[in-house]
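Take a look at the structure below.
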Amino acid sequence: MENNKLIAQDLLKINAVVLSPDDPFTWASGIKSPVYCDNRLILAYPDVRVDVIDAFVALIKENYPAAEVIAGTATAGIPHAALIAEAMGLPMAYIRSSAKSHGRKKQIEGIINPRQKVVVIDDLISTGGSVLTAVHAAEEAGADVLGVAAIFTYQLPQASSNFKEEKVSLATLTDFETLIHLAEEQGKISGAQLEQLKLWYADPTSEDWCAQKQ
Ligand SMILES: O=P(O)(O)OC[C@H]1O[C@H](OP(=O)(O)OP(=O)(O)O)[C@H](O)[C@@H]1O
Ligand SMILES: O=C(O)c1cc(=O)[nH]c(=O)[nH]1
């Protein structure tokens, strides 16, 4: 099975994908959504963890073969970055959303040296805002950021334009289209739920779909 389908199947199997159209989720970006994908749950399933890390290693070897440091985005990107770095025998670092206000007042924990080739890991891309903040911090430290690798992307136009504008490469293990297609195939989503998701997905930043559900 191709990795994008395997990982989507794993996410469905562990119930990482939750629908709640009547009580929408608020995403990090402020977007209201009927769907949430909780990749943090992967950590609880050793077999799924192995699938995810094997797929990440293959993705990084293919897209960013010169990687020298694996850097996780705080917080959900950190455990995956640690496991990838371990599997690849590479140094690992993590990047906070902003510098600490106490202690050593760092945004980057661990070591990223100037000119080092860095791959930044996040668990999930909605708008890409969180991981692009981490990319900027690594670049400010002088790193040569090869690109971003993440488990899942919603493939939102807003994310594509953000990555394009910043000239940052993005590679993911799976995506919204693959996930929804598989959920439909496996009867894990009803026709009504699919229609509502389509309505939201046509314009995720508008909250019209919320109004129309009532
Ligand atoms: O692409 P974006 O619009 O930035 O959204 C995706 C980000 O949101 C989530 O993190 P969250 O802020 O919930 O924090 P966490 O990683 O600490 O769980 C997720 O883990 C991504 O980092
Ligand atoms: O955008 C987010 O905050 C977000 C969406 C999602 O589905 N899962 C998640 O962990 N964060």
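Just so we're clear, the structure is a prediction, and the values are computed from it rather than from any experiment. Start at 1 and go down the list; that is how both ligands and their atoms are numbered. No hydrogens, no waters, no symmetry mates; every other heavy atom, side chains included, goes into these values.
- Neither the backbone nor the side chain of F25 comes within 4.0 Å of ligand 2, counting heavy atoms alone.
- Polar contact with ligand 2: absent for L124 (N/O pair, distance under 3.5 Å).
- Looking only at atom types and distance, the side chain of Y94 has no donor-acceptor partner in the side chain of T75 under 3.5 Å away.
- Close approach of ligand 2 to C37 (heavy-atom distance below 4.0 Å) involves ligand atoms 6 (C), 7 (O), 8 (N), 9 (C), 10 (O).
- Salt bridge present: D47 and K13 bring a charged side-chain N and a carboxylate O closer than 4.0 Å.
- Counting protein heavy atoms only, atom 17 (O) of ligand 1 is closest to T75 OG1, 2.4 Å.
- Ranking protein heavy atoms by distance to atom 18 (O) of ligand 1, first place goes to R40 NH2, 2.8 Å.
- Nearest heavy-atom pair, P21 versus W209, reported as atom, atom and distance to 0.1 Å: O-CZ3, 3.8 Å.
- The N/O atoms of A76, backbone and side chain alike, include one that comes under 3.5 Å of an N/O atom in ligand 1.
- The environment of E177 atom CD is sparse: at most 12 non-hydrogen atoms of other residues, nucleotides or ligands sit within 6.0 angstrom.
- For the side-chain contact (heavy atoms from CB on, under 4.5 Å) test with V17, the passing option among I189, L179, I180 is L179; the others fail.
- At a heavy-atom cutoff of 4.0 Å, ligand 1 is contacted by the side chain of D122 but not by its backbone.
- Taking the six-membered ring for Trp and the full ring otherwise, the centers of Y201 and F176 sit less than 6.0 Å from each other.
- Remark: ligand 2 and S126 share an N or O pair separated by less than 3.5 Å (distance only, no angle test).
- Nearest protein heavy-atom contact of atom 3 (O) of ligand 1 is T127 OG1, 2.6 Å.
- Nearest to atom 5 (O) of ligand 1 by heavy-atom distance, out of S126, S29, A134, A150, is S126.
- For the pair Y36 and ligand 1, the shortest N or O to N or O distance does not fall below 3.5 Å.
- When only interatomic distances are considered, the shortest N/O to N/O separation between I125 and ligand 1 does not fall below 3.5 Å.
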Derivation and outcome, side-chain contact (heavy atoms from CB on, under 4.5 Å), residues Q196 and V35: CA-CA 10 Å; Q196 195 153 46; V35 56; over 6 Å; no
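- Not a single heavy atom of D38 sits under 4.0 Å from any atom of ligand 2.
- In summary, the atoms of ligand 2 found under 4.0 Å from a heavy atom of A28, numbered by their order in the structure, are 1 (O), 2 (C), 3 (O).
- Under a 4.0 Å criterion applied to the non-hydrogen atoms of G129, ligand 1 contributes the atoms 1 (O), 2 (P), 4 (O).
- Below 30°, between 30° and 60°, or above 60°: for W200 and Y154 the angle between ring planes is above 60°, a perpendicular geometry.
- Of the protein's non-hydrogen atoms, S130 OG, 2.5 Å is the one closest to atom 4 (O) of ligand 1.
- Counting the atoms of ligand 1 from 1 in the order shown, those under 4.0 Å from a heavy atom of L124 are 6 (C), 21 (C).
- The environment of K106 atom NZ is dense: over 12 non-hydrogen atoms of other residues, nucleotides or ligands sit within 6.0 angstrom.
- For atom 19 (C) of ligand 1, the closest heavy atom belonging to the protein is D123 OD1, 3.4 Å.
- Surrounding NZ of K5 are at most 12 heavy atoms belonging to other residues, nucleotides or ligands under 6.0 Å away.
- Considering both main-chain and side-chain atoms, S29 never comes within under 3.5 Å of ligand 2 through any nitrogen or oxygen pair.
- Side-chain contact, T178 with D175: a donor N or O sits under 3.5 Å from an acceptor N or O.
- Short contacts between ligand 1 and G128, defined as distances under 4.0 Å to a heavy atom of the residue, involve ligand atoms 1 (O), 2 (P), 3 (O).
- Atoms of ligand 1 lying under 4.0 Å from any heavy atom of A28, numbered from 1 in the order shown and given with element: 8 (O), 12 (O).
- The existence of a salt bridge linking D144 and K117 is confirmed by a sub-4.0 Å separation between a basic side-chain nitrogen and an acidic carboxylate oxygen.
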